[in-house]
There are 2 protein chains.
Amino acid sequence: MTSEQSKSDISRARILDAAAKTFRQKGYAATTLIEIAKAAGMQAGSLYYHFGSKDELIEEVLDIGMRRVHEAVEESQERLPADSSYRDRIRVAVEAHLTTLLKHDDYTSANIRIFGQVPEEVRQHHIRQRDAYAELWRRILTKAQKSGALRSDVDLGLVRMLLMGALNWSVEWYQPGRTSIQTIADHMCLMLFSGIGIEEPIRSGENETVA
Amino acid sequence: MTSEQSKSDISRARILDAAAKTFRQKGYAATTLIEIAKAAGMQAGSLYYHFGSKDELIEEVLDIGMRRVHEAVEESQERLPADSSYRDRIRVAVEAHLTTLLKHDDYTSANIRIFGQVPEEVRQHHIRQRDAYAELWRRILTKAQKSGALRSDVDLGLVRMLLMGALNWSVEWYQPGRTSIQTIADHMCLMLFSGIGIEEPIRSGENETVA
DNA sequence: GTCTATATTCAGATAGAC
DNA sequence: GTCTATCTGAATATAGAC
C-alpha cells in the first residue's frame, strides 16, 4: 500500500482518463467502450478486467470529477487568511470552480456535461455527493449574507443556481486562448457583487441619438 | 394551402411533440424511435412515412425550439413602448427567454439540452440559426451599453455567455411550483444590473461576532 | 398512412487462449 | 492483464401487406 503503481493501476488510470475525455466530448450514450478502449490503447474486452460494466466506469468518472471541484473549492477557502472579506471568499470559490472546470479537468467537465444523460440508477448514486457540493456553496453564501456582505432580501438558493449555471455553462463555449479564466471569473464576480448597470438619466420620451 | 390540417399533418405534429418531449428527457442517443412512436401512438416503422431518419426528426425539433425562443424574445422587444428604458428592454428579453424555456416548450428546452449531443452534421445545420439568436442578444446588449445603461468597461460577449448560462441552466433544476418564473427573472435582472453585494465595513483583522 | 415482419448493424458483455 | 472470438440484445431502417 505504498505509492507504488502496479501495471493494473496504470492501465486503470489510462482507461479512466480516456473515458473522461470521450464522455465529455460525445456524451454518455454516444460513447462506446470500443472508443474508450482504443483511446486507452487496448481492446474493448480488456476493459472488463478493470471495470464490471460501462456504468461502473461512468460512475467512477463522475465521482472523480465531483471530488475534484469539491476539493478545489474547499482548499480555496482554507488557503485564505482568516480575516478575509466575504467577497474574497466568494471570489476565490468562483475562481476555483471555474479553473477546475476549464483548465485541465476532463473529469469535472464530463461530470457537468453528462450528469443529465446517465441512467437513473447511476444518477441516484451521486446525489449525495452533489448535495455535499451544493452544501459547501450554501454555507459560503449564507455566511456572507448573515455577515451583511450580501443583500438580505434575495433568495440564496436561486442566486446559487443562477451562479452555478453561469459558471457551468462555460464548458459549452469556453475556448482556451480566447479569454482567460481569470477574466471570466472577474466578470462573474462583478455581476454578482455590483452588477453592470448604470443609472439611466430620465428621458422625456423622444428617441434620442447617441454620438 | 389553407389552415386545413390533413391527417398527415396531425400525425406529423404528434410525432414531433412526442420527439421533443422524449429527447428533452432522455437525451439524443438514449432516445429510441420505438419510444417516440409509442408516445405518438404508432409503430416505429410508421415514423418513416413522415421523416427520413432519426436525424431528420431531431433537426426539425431543434429548429422549432430555436425559432420559438427567437420569436418570443423578438416579440418582447416589439411589444415595448418606443421610449422604454434599456433596462426594461433587457428585462423583458430575459423574461421571454426564460418563459419560453420553462413554461410549455419541450422544443426549446430539448434544443438547449441536447444540442451538445447531436451528430456533428446536425449541429452544423443549426449554427446559422444559433448565430442569429446570439446576434439578437448582442444587439440588445450593445445598444444598452452604447446608450450608457451598461458599464462601458465590460466585455459584452462574456456577459452574454454568463447570462445565457445562468438562464439556460435552469432547465436542469427548475421545478414548476417551487419558484415562479418571474422570481427567477427578477433575481437574474437584479444580479445583472445591481449585483447583490453590499459594501462591507472595514474591519481590523479580528474575527468579529455578528448578532 | 399505418401495420407487421425483418434485414442490417453495432454495442455491451462473456469465455477461454495466451 | 490483455487478446480474440463470439453471444445476445437492441435500434435504425426497409419492404410489402392492408
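Per chain, numbering begins at 1; letters A, B, ... match sequence-line order. Hydrogens, waters and symmetry mates are skipped; everything else that's a heavy atom, side chains included, is used.
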How long is the line joining [atom1] of [X] and [atom2] of [N], in whole Å?
X: B:Ile34; N: C:dT6; atom1: CD1; atom2: C1'; value: 13 Å
X: A:Lys38; N: C:dC10; atom1: NZ; atom2: P; value: 14 Å
X: A:Arg12; N: D:dT2; atom1: CZ; atom2: P; value: 12 Å
X: A:Lys26; N: C:dC10; atom1: NZ; atom2: P; value: 14 Å
X: A:Leu57; N: C:dG12; atom1: CG; atom2: P; value: 10 Å
X: A:Phe51; N: D:dT2; atom1: CZ; atom2: P; value: 11 Å
X: B:Met42; N: C:dT2; atom1: CE; atom2: P; value: 4 Å

Minimum-distance nucleotide to [X] side chain [options: [options]]:
X: A:Ser8; options: C:dT2, D:dG1, C:dG12; value: D:dG1
X: B:Ser11; options: D:dG1, D:dA13, C:dT2; value: C:dT2
X: B:Leu33; options: C:dT4, D:dT12, D:dC3; value: D:dT12
X: A:Tyr48; options: D:dT12, C:dC3, C:dA13; value: C:dA13
X: B:Ser53; options: D:dT12, D:dA13, C:dT2; value: D:dA13
X: A:Lys7; options: C:dC3, C:dT14, D:dG1; value: D:dG1

Is the phosphate of [N] approached by [X] (side-chain N or O, under 4.0 Å from OP1 or OP2)?
X: A:Ser46; N: D:dC3; value: yes
X: A:Gln43; N: D:dT4; value: yes
X: B:Tyr49; N: C:dT2; value: no

Given B:Met188 and A:Met191, is the side-chain contact (heavy atoms from CB on, under 4.5 Å) satisfied, shown in steps?
-> CA-CA 10 Å; B:Met188 186 69 249; A:Met191 280 176 61; 4.3 Å; yes
Answer yes or no: is there an ion pair linking A:Arg123 with A:Glu120, defined by an N-O contact shorter than 4.0 Å?
->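 Yes.
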Got a salt bridge between A:Arg24 and A:Asp106, using NZ or NE/NH1/NH2 to carboxylate O under 4.0 Å?
->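 Yes, this pair counts.
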Measure the shortest side-chain to side-chain distance between B:Ile184 and B:Leu102 over non-hydrogen atoms and say whether it is less than 4.5 angstrom.
->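 A side-chain contact under 4.5 Å exists here.
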Answer yes or no: is there a side-chain heavy-atom contact under 4.5 Å between A:Arg160 and A:Leu141?
->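 Yes - at least one pair of side-chain heavy atoms lies under 4.5 Å apart.
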Toward the 5' end of DNA chain C, which comes first, B:Ala44 or B:Ser6, by nearest nucleotide?
->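 Here B:Ser6 is the residue nearer the 5' end.
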